[in-house]
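Single-structure report; data block below.
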Amino acid sequence: MNPAGLLAIASLVAALAVLTDVLPLGLPYPAINERAVDVPSHLLPLVPSPLEGDYAPNTRLQGTVRLLQGVVSGPESLVVAHDGKTVIVLDKFGYAKRGSVIESTSGVPRVELEDGVFAYTGPGRPLGAEFDQGGNLVICDSLKGLVMVANGTRRLVVLANRVAEDSAIDPGSEINYANDLDIAKDGTVYFSASTDLRVAFNRDGFYDTFNTYLLDALRGKPAGRLLAYNPKERTAKVLAGGIWYANGVALAKDESFVAVVETTALRVRRHWLKGPQAGQTDVLIDALPGFPDGISRGEDGNFLIALISRPSPILKLMPFRPLRAIAAWIPPKWRPRPKPWGAVIRVSPEGKVVETHFDVEGGFMSGISGVREVGGRMFFGTLENDHIGIYDPNRRL
Ligand SMILES: *[C@@H]1O[C@H](CO)[C@@H](O)[C@H](O)[C@H]1NC(C)=O
């Protein structure tokens, strides 16, 4: 037999061995020593809502104006001060840049960045941030955990990279892949840790959170957590585990619960802090029409949820463990890319869809990963693009 025939037969035998579990296939770096596992049956099937009814498509986001085009890289999140004038943009190389929103007579504002960097938080990738009451910028970094740029000195301080020994859940465990946070009036920092898998440096020179996201989804094990950092005791405790990629975090206006996005399960959970359900977790909204990423509290007390991409074919693979293990080995540049789309929805604390903002072709704004509402305007961060967006729902900018 010729070599090509032998190779074809060998490949077929290998594929059959994997599919029948004779040859268990591990996952590629950085998920080495990990295997795909069966997805918990209560999560399947994962069916996104169609774009109809509450989610009927519209073109509202086509009123978005791109700012800082070509000046920022992968600004997953941004922070806008309450005055609506100061902006902090976190980029994929670990830089936090500070800028000002400048109004103009044409009605289209621009953002002007200060020279130099406000803070370098790397190596790592900053994914979420908030100012605390002391003017410190508290940041979730995918490598280092919960860190802070101190007001004034701009020193980088690690607040928590390990769970306290007296935590009821996972005592003493390390904090890996911190992703997003919100800060309560008493100073408690609620934050997410997406998964126990590592984020690795890629050939393009940055820490590739998307790659680890994908491996986490293909592995099939919900390993994300919601944590709380107590600034007086300087300790972090785990409030809830088993979240399938814990992502955006936002407190309810009355702080009765904290909402945490569960990206791969297409839903947002509510972890109750007060009332008869305190300590328990339920679902705020599920079957979202795309993968949820960032969440923040809008000015009206409802939640703004950024749906970073439309449902991907990966959802169909979820019941098939060996196929997921094989798919994990597709090299990054051969992976099917998600089609551009932009989507932000406003959801009440009871889980009702209040309004939607779409750009279903993504020509104006796509891949929105973070959203902030200040002064009636929304500011958008995007994981993979080279700009931020600003959008005024009440008038075309
Ligand atoms: C931050 O520090 C400056 C002094 O460097 C101080 O004037 C300011 O009040 C601080 N901000 C807050 C919110 O405490």
Side-chain angles (χ1 to χ4, degrees), residues 31 34 37 39-40 42-43 124-130 132 138-148 157-184 186-199 209 212-213 216-217 219-252 255-265 267-284 292-295:
E34 293 289 327
V37 295
V39 175
H42 70 271
L43 291 174
R125 184 151 184 190
L127 293 171
E130 290 286 350
D132 71 8
V138 181
I139 301 172
C140 278
D141 181 90
S142 52
L143 262 62
K144 284 186 281 294
L146 191 68
V147 301
M148 168 181 104
V157 179
V158 175
L159 297 178
N161 56 15
R162 186 164 284 279
V163 173
E165 292 296 343
D166 61 346
S167 171
I169 306 172
D170 300 344
S173 59
E174 65 187 284
I175 297 170
N176 180 60
Y177 208 137
N179 193 317
D180 192 35
L181 70 141
D182 199 0
I183 305 179
D186 71 357
T188 305
V189 182
Y190 294 93
F191 67 106
S192 59
S194 298
T195 170
D196 57 337
L197 297 182
R198 304 272 178 211
V199 178
T209 50
T212 293
Y213 165 73
D216 186 68
R219 180 177 64 167
K221 176 172 143 191
R225 306 187 293 186
L226 175 68
L227 302 98
Y229 171 78
N230 179 327
K232 293 182 198 85
E233 296 174 4
R234 300 199 198 167
T235 55
K237 290 182 181 171
V238 179
L239 300 180
I243 303 170
W244 203 0
Y245 198 87
N247 207 329
V249 171
L251 280 157
E255 301 191 349
S256 58
F257 67 86
V258 54
V260 57
V261 168
E262 187 172 20
T263 298
T264 310
R267 64 185 185 178
V268 180
R269 294 209 206 177
R270 231 174 355 193
H271 182 81
W272 289 93
L273 302 170
K274 294 180 189 156
Q277 290 165 275
Q280 292 172 25
T281 302
D282 63 7
V283 173
L284 174 71
D293 187 329
I295 190 170

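Bear in mind the structure is a predicted one, so any value in this text is a computation, not a measurement. Values below: every heavy atom of this structure, side chains too, minus hydrogens, waters and symmetry copies.
Using modelled atom types, no side-chain atom of D141 and backbone atom of A178 make a donor-acceptor pair closer than 3.5 Å. A side-chain donor-acceptor contact under 3.5 Å links S194 to the backbone of A246. Under a 3.5 Å cut-off, the side chain of E262 and the backbone N or O of R267 do not form any donor-acceptor pair.
Residues that satisfy the salt bridge (Lys or Arg N to Asp or Glu O under 4.0 Å) test with D182, not counting sequence neighbours, are absent from this structure.
Between the side chains of S192 and N179, no donor N or O sits under 3.5 Å from an acceptor N or O.
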Steps toward side chain to side chain contact (heavy atoms under 4.5 Å, CB included) verdict (K221, D196): CA-CA 10 Å; K221 176 172 143 191; D196 57 337; 4.2 Å; yes
Side chain to side chain contact (heavy atoms under 4.5 Å, CB included) assessment of Y245 paired with V261: CA-CA 8 Å; Y245 198 87; V261 168; over 6 Å; no
Pair Y177-Y213, ring-ring contact (aromatic ring centres under 6.0 Å, His included): steps then yes or no: CA-CA 10 Å; Y177 208 137; Y213 165 73; 9.0 Å; no
Full working for side chain to side chain contact (heavy atoms under 4.5 Å, CB included) between F191 and V138: CA-CA 10 Å; F191 67 106; V138 181; over 6 Å; no
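We find that K237 and D166 are joined by a salt bridge, their nearest charged nitrogen and carboxylate oxygen being less than 4.0 Å apart.
Heavy-atom minimum distance, Y229 versus A160: CD1-CB, 3.9 Å. In terms of heavy atoms, P292 sits closest to N247 at O-ND2, 4.1 Å. Considering every non-hydrogen atom in both T212 and V199, the closest pair reads OG1-CA, 3.5 Å. Smallest separation of non-hydrogen atoms from I139 and A129: CG1-CB, 4.0 Å. Nearest heavy atom pair, residue S142 against residue L127, reads CB-CD1, 3.9 Å. Smallest separation of non-hydrogen atoms from P222 and L43: CG-CD1, 4.0 Å.
The line from NE2 of H271 to CG of L226 is 6.0 Å long, rounded to the nearest 0.5 Å. With rounding to the nearest 0.5 Å, the separation of OG1 in T209 from CG in L143 is 10.5 Å. Atom SG in C140 sits 9.0 Å away from atom CG in L227 (nearest 0.5 Å).
For the pair L273 and L251, the minimum side-chain heavy-atom distance is below 4.5 Å. No side-chain heavy atom of L146 sits less than 4.5 Å from a side-chain heavy atom of I175. Counting heavy atoms from C-beta outward, T188 and N230 have side chains that stay 4.5 Å or more apart. A heavy-atom distance below 4.5 Å is not found between the side chains of L181 and V249. Between F257 and D282, the closest side-chain pair of non-hydrogen atoms is not below 4.5 Å.
For the side chain to side chain contact (heavy atoms under 4.5 Å, CB included) test with R269, the passing option among V258, L284, V260 is V260; the others fail. Of the options R198, K144, R225, R162, a salt bridge (Lys or Arg N to Asp or Glu O under 4.0 Å) to E174 is made by R198 and by none of the others.
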